Amino acid sequence: MPTPTHCPYCALQCGMTIQPGPVVAPRDFPVNRGGLCQKGWTSATLLSTPDRLTSPLVRRNGTLEPVSWTVALDLVAQRLADLRAEHGPDAVAVFGGGGLTNEKSYLLGKFARVALGTSHIDYNGRFCMSSAAAAGMRAFGVDRGLPFPVTDLAEADAVLLVGANVAETMPPFTQHLRRAIDTGGLVVVDPRRTATADQAAVHLAPAPGTDLALALGLLHVAVTDGYLDTEYLRDRTSGFAEAWQAAARWWPEQVERVTGVAAADQRRAVAMLARAANAYVLTARGTEQHASGSDTVSAWINLALALGLPGRKGSGFGCLTGQGNGQGGREHGQKADQLPGYRKIDDPAAREHVAGVWGIDPNSLPGPGKSAYELLDSLGSGPRALMVFGSNVVVSAPRASHVSDRLAALDFLVVADFVLSETASLADVVLPVTQWAEEGGTMTNLEGRVLLRRRAIDPPAGVRTDLEVLHELAVRLGQPADRFPASEETVFEELRRASAGGVADYSGITYERLRAGEALHWPCPDESHPGTPRLFLDRFAHVDGRARLVPVDHRGPAEPPDEQYPLRATTGRVLQHYQSGAQTRRVPELNSAVPGAFVEVHPDTAGRAGLSQGDLARVSSRRGSVLATVRCVPGMRIDTVFLPFHFPGEQRANLITNPVLDPVSRMPEFKVCAVRLEAVT
Ligand SMILES: Nc1nc2c(c(=O)[nH]1)N[C@H]1C(S)=C(S)[C@@H](COP(=O)(O)OP(=O)(O)OC[C@H]3O[C@@H](n4cnc5c(=O)[nH]c(N)nc54)[C@H](O)[C@@H]3O)O[C@H]1N2
Ligand SMILES: Nc1nc2c(c(=O)[nH]1)N[C@H]1C(S)=C(S)[C@@H](COP(=O)(O)OP(=O)(O)OC[C@H]3O[C@@H](n4cnc5c(=O)[nH]c(N)nc54)[C@H](O)[C@@H]3O)O[C@H]1N2
Ligand code: SF4
Ligand SMILES: [Mo]
């Protein structure tokens, strides 16, 4: 019998079945309705990849050698205990991932705070949704990527899609935009003419890093062209006057000068949104991964609020979560400043509640730690040991060569993975773990719906689950065995209690309800509660029930182009590869489709550098150089180049990226830095 489950990759969490073979097939589920992208179709391949890790590895005389689990776990526990005894609990740091199940995220956070006693835990979601989360919190008082089911979009007449290339990053999602596309209501904001922009009636192509000016300009147009929803602003929001002060200065011609987006197109886009019966504004990484990302998302929210969209039936604002469990991964306590239930770690009531569930003294809980990049940057001088679960930072962190240096400065690096990722290959100990189809757990998709991942096939001999690894290590570090259960359902039962009363309340969700196929979106505060597919219909989550417009102003990229580095480089994704590529580069069909790094560049810009299609180029910034094959794209802006970040070694786009951080979210500026393009001679 095929087992129903979900795709292991992105936040859409397409429904699929898997049966021994292993063979996957799409399944009818609301988010994908029987569709899958190429990554989903080929996802079973990695389960039996020839270089699958099936034994723990320990570095001896410079090389990783297979050892037994007992030897590996004893060694890890001993080294961590020694470093802690010598340098204090903050000598050990933990780095998690948004691909981990809710149970893993929860237990990893508890392991760091209780078994290790360290404040240093953060995760790759900081590189992903943190700016959107910060802006959502500010505006609405709660952060759930989409506060409505994806299927609601099917009724949309107009959709403003900002910095999202869903045709490549969530292909089955585009079916929900069908009506908007067919009725000429799709507006795409992207410096590149992507496969998504190709389907839009209006494509606005701002220079990378200028979205904030564009959003202010569109708010300006909304006001001057008479589209303001004054009744909604009066009844459901506060802060319009302050937000308008900055936007008042951004008249369309001024915005055109800064962004390159024609004033007439700005007006068209606003008119389309304002005149539609049902309209949505959706953002993703293109507009968020900037040093001004939080303010930029706030500016898009301000626009949506001015038009009266959020919390209105058939309309809304949302951010597209990225990783498989990007939503749940940020709710259960693997973020530096959080405890389970999306609670704040510096809130005394939150500490008391969670410490009560964990059976510990609230005073023994550490305080907030450093954000992901700051944590990586401090390795060696701060933490002496790092444990990585579910991230490949050597490829995916900004200023990657510096991050590799910091990893090399550690006394001890432990990586749990199912393949020898670029990060795992630097480790002192590698722990081989199960993959999605071989384990159970829950994931929370981009619409806040909790889904069951079911074990469908037996794992290869020699691998353990992440939960088993944490259990074994916690016991060796002196914790009671039942404080770190290795069964996912037992962990979930505890997670429910820890989340009870929190922002992300899972206490009414049970495995039994999920097995029965109930569609449960959090918050779900008791077992008779139907869950909350749509937030904000009556009120926003702030105490007064109102949404806030936040006053923000444009500041531009942290590193503007200059004579030495005259171009703007931006980075992102292609359909066939996932993230650091650790998984998809091992799937022959995907790897042969896109075998290496490329740089998209306007033919004239390439020509000026003496380059043409297929040549090898060097793209250099103040931090380093990346090698990539030239792809001439006539639709590109002449001042901009684009590189995917899925490739290792000298092809790492992150060799050039700027690690400057957003002051609120601590998100690095992955989406713009100043570069120069040269031929490799
Ligand atoms: N195939 C594939 N799918 C994925 C993933 C993957 O790695 N591969 N990863 C998943 C994850 S974790 C995430 S976070 C999502 C990301 O999903 P998306 O956000 O859709 O992906 P990106 O390609 O990072 O960025 C989207 C677009 O932003 C544009 N962009 C660059 N700079 C700017 C700018 O300054 N302003 C604006 N408005 N746009 C800009 C880029 O040209 C790009 O087309 O995808 C998920 N799905
Ligand atoms: N230049 C640039 N850099 C970027 C971005 C960008 O747009 N531009 N985007 C950023 C974004 S949005 C993201 S989300 C990050 C993602 O970047 P990474 O954090 O590197 O993401 P992955 O490549 O998915 O890495 C996951 C690793 O964990 C392993 N793994 C997967 N599932 C599990 C599990 O359940 N347990 C364990 N133990 N291991 C597991 C995989 O094999 C893989 O090696 O990259 C960021 N970096
Ligand atoms: S869109 Fe995302 S969840 Fe769906 S098949 Fe592709 S990678 Fe998997
Ligand atoms: Mo992401």
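Just follow the structure's listing: the first ligand is 1, and inside any ligand the first atom is 1. On a predicted model such as this, the values are computed, not experimentally measured, just so you know.
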Under 3.5 Å side-chain donor-acceptor pair for S396 and N654: no
Does one side chain, of T442 or E103, offer a donor that lies under 3.5 Å from an acceptor on the other? yes
Walk me through it: do F670 and H290 pass the test ring pair (Phe, Tyr, Trp, His ring centres under 6.0 Å)? CA-CA 6 Å; F670 286 119; H290 295 274; over 10 Å; no
Considering only NZ, NE, NH1 and NH2 on the basic side and carboxylate oxygens on the acidic side, decide whether [X] and [Y] come within less than 4.0 Å.
{"X": "R455", "Y": "E438", "result": "no"}
{"X": "E374", "Y": "R126", "result": "no"}
{"X": "D122", "Y": "K335", "result": "no"}

Enumerated ligand 2 atoms positioned under 4.0 Å from heavy atoms of [X]:
{"X": "T657", "result": "1 (N)"}
{"X": "A416", "result": "37 (C), 38 (N), 39 (N)"}
{"X": "S421", "result": "44 (O)"}
{"X": "V433", "result": "37 (C), 38 (N)"}
{"X": "L100", "result": "34 (C), 35 (O), 36 (N)"}
{"X": "D417", "result": "27 (C), 28 (O), 29 (C), 41 (C), 42 (O), 43 (C), 44 (O)"}
{"X": "A582", "result": "43 (C), 44 (O)"}

Do S621 side-chain atoms and I656 backbone N/O form a donor-acceptor pair below 3.5 Å? yes
Quick check against the 3.5 Å criterion: does Q323 have a side-chain atom that pairs as donor or acceptor with the backbone of C10? no
Kindly compute the distance separating CG (L216) from CG (N302), expressed to the nearest 0.5 Å. 8.0 Å
Record the part of W436 in heavy-atom contact with ligand 2 below 4.0 Å; permitted values are side chain, backbone, both and neither. neither
If you measure from each heavy atom of D466 to ligand 2, is any distance below 4.0 Å? yes
For a side-chain contact (heavy atoms from CB on, under 4.5 Å) with T196, tell me which candidate from L177, V188, D190 qualifies. V188
Compile the protein residues with any heavy atom at a distance under 4.0 Å from an atom of ligand 1; present them by chain, then by number. C10, K39, C128, G163, A164, N165, E168, T169, V189, D190, P191, R192, T194, P208, G209, D211, A284, R285, G286, H290, G322, Q323, T570, G572, R573, V574, L575, H577, Y578, Q579, H646, K671
May I ask you to check if ligand 2 and N392 share an N or O to N or O distance below 3.5 Å? yes
Test of proximity, S391 against ligand 2: N or O pairs below 3.5 Å: yes
Give the intermediate values and the outcome of side-chain contact (heavy atoms from CB on, under 4.5 Å) for residues N165 and R192. CA-CA 10 Å; N165 183 14; R192 301 187 299 143; 3.7 Å; yes
